[in-house]
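Per chain, numbering begins at 1; letters A, B, ... match sequence-line order. Here the structure is a predicted model, which is why all the values come from computation and not from measurement. When reading the values below, keep in mind they use all heavy atoms of this one structure, side chains included, and skip hydrogens, waters and symmetry mates.
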Amino acid sequence: MTQRVGIEVSRAVAIAARLANVDVVAAYPITPQTHIVEDLSEMVASGELDASYIPVESEHSAMSSCLGSAAVGARTFTATASQGMELMHEVLYVASGMRLPIVMAVANRALSAPISIWGDHSDVMSVRDTGWIQIFVTNGQEAFDNIFCAFRIGEDRRVLLPVMIHLDGFQLTHVIEPIYLEDQDKVDKFLPPNEYPLPLDPDRPVTMGAFGPPDIYTEVKKAQDVVLTSSKEVILEAWKEFGDIFGRYYSPIQCYRCEGAKVLLMTMGSFSETAMSAVDAMRDDGNAVGLLNLRLWRPFPFAEIRQAVKDIDVLIVFDRALSFGGPGGPVCSEVRSALYNLDKKPKVVGFVGGLGGRVVSLAGFREIIERGTRIAKEGTEQEFEMFGVRE
Amino acid sequence: MTESEGKPTWQQIEIGAIITEPGSARQYQTGDWRTQRPTYAHERCIKCGLCSIYCPEGCIEPNEEGYFEADLFYCKGCGICARECWTKAINMVEEE
Ligand code: SF4
Ligand code: SF4
């Protein structure tokens, strides 16, 4: 029987990796990811998990080891955050370019300087273009569930790409939530063994990661972009089947109380649940507002976003990262460009906040929705506005 | 759309550009980088083979008479052989 237990989300993620029957974990500890890999190393040490745990000396080595293990066809898991992800940055491109289905949990955290161990999405946005499938999770259950989905999607023959699961540092990693920890046989039913089609094998030698001269590089990159874009079909299929087995359905964007709304707020990650409460409160007061919770960040869900906003007047996008000297929030600027060529589109108002662990409360989201609506009505929208900054 | 000119299209690229055919680097014509080519004064050559050891392409081999010469399919014209040859038997000349 599936049990619902109160458990720290990091520990649930480690259990998910165990239930996914990973073969190799190569990781370096960094706050706020530490509990995930600490638990996995204990599971391997105690024999509870039959896997190799490679205690590397840096995140660069962690991801490099993951390349090797995925290349021989081993199911490979790692986790990192913030500066750690920056240190492995160049290797991230190699993982996607070589089409190795590694799964990585990212405990989203701000980037230095100044030093901050607290959460935001600066680290996510710095790896936006690395060619990984990227999924934001809203709560602990989604984090747990999407570890299985990530392996299933990444290892699918039609995909063969690495997958990041973004879970907010502290706000998710360090909280205890009630989570359904699923049974092994149900997981096994959903997640078949990994069969990488062209593994490193002495009996069938191949060359991986060779150089690509100018007359081949463009074609390789085109193929990579097409496969990432079209992986959406496989993601939808995996989420559907996951729902059919486990009873929890996921979608690229979750439309929360969008019926009849003329104003929608878009958020991602754990902040979406707070924003939902703000929407509830505003609905109670008779305001036709709703929330779009963005789950699928790469491949970017163009069609779903266009569909979700087709009848609304105002879309307010709340980012937790800043593109310095640029258009403000990365999500907002992508949403804007996704809508630009449409004849009928809502006004898009961008806010950036929740940086480096700064809390945005229910009242804060209410203020964002009200302020965004007013800005749209007055026509005074700028590229973006910083929310909650002292002046 | 660009013509494929016998080279693979993006649809034909193997997953992650994995190379399944051993030794396919042989097909890579580094010779088309060349702006200079080595020419040989055989009367000065003592057939020591030093040029072949220094050649970064490994493309120098003795011909039927034992004189060391470059395979111009691979020779990229770097001139290292000419510089290292102690009898000055190799002279680099501009490609037309
Ligand atoms: S190094 Fe000079 S002398 Fe020696 S084999 Fe080459 S060309 Fe001849
Ligand atoms: S020019 Fe360079 S590549 Fe050509 S034969 Fe001499 S050493 Fe080799």
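Residue B:Glu14 touches chain A through its side chain alone, counting heavy-atom pairs closer than 4.5 Å. Contacts between A:Tyr196 and chain B at a heavy-atom distance below 4.5 Å involve the side chain alone, from C-beta outward. Contact of A:Leu198 with chain B is made through backbone and side chain together, with heavy-atom distances under 4.5 Å. Neither the backbone nor the side chain of A:Val227 comes within less than 4.5 Å of any heavy atom in chain B. For B:Ile13, the part sitting under 4.5 Å from any heavy atom of chain A is the side chain, from C-beta outward, and nothing else.
Atom CZ of A:Phe211 sits in a crowded spot, with more than 12 heavy atoms from other residues, nucleotides or ligands closer than 6.0 Å. Counted within 6.0 Å of OH on B:Tyr67, heavy atoms from surrounding residues, nucleotides or ligands total more than 12; the atom is thus considered enclosed. Dense packing is recorded around CG of A:Asp188, with more than 12 heavy atoms of other residues, nucleotides or ligands lying under 6.0 Å away. B:Lys47 NZ: more than 12 foreign heavy atoms inside a 6.0 Å radius. In the displayed structure, B:Arg26 atom CZ is contacted under 6.0 Å by at most 12 heavy atoms of other residues, nucleotides or ligands. Within a 6.0 Å sphere centred on OH of B:Tyr74, heavy atoms belonging to other residues, nucleotides or ligands number more than 12.
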Residues B:Trp10, A:Asp225; criterion side chain to side chain contact (heavy atoms under 4.5 Å, CB included); working and verdict
CA-CA 10 Å; B:Trp10 69 264; A:Asp225 184 60; over 6 Å; no
Could you go through the side chain to side chain contact (heavy atoms under 4.5 Å, CB included) check for A:Thr207 and B:Ile18 one step at a time?
CA-CA 6 Å; A:Thr207 303; B:Ile18 288 175; over 6 Å; no
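Comparing A:Arg99, A:Glu219, A:Arg204, A:Met208 by how many heavy-atom pairs each has under 4.5 Å with chain B, the most go to A:Glu219.
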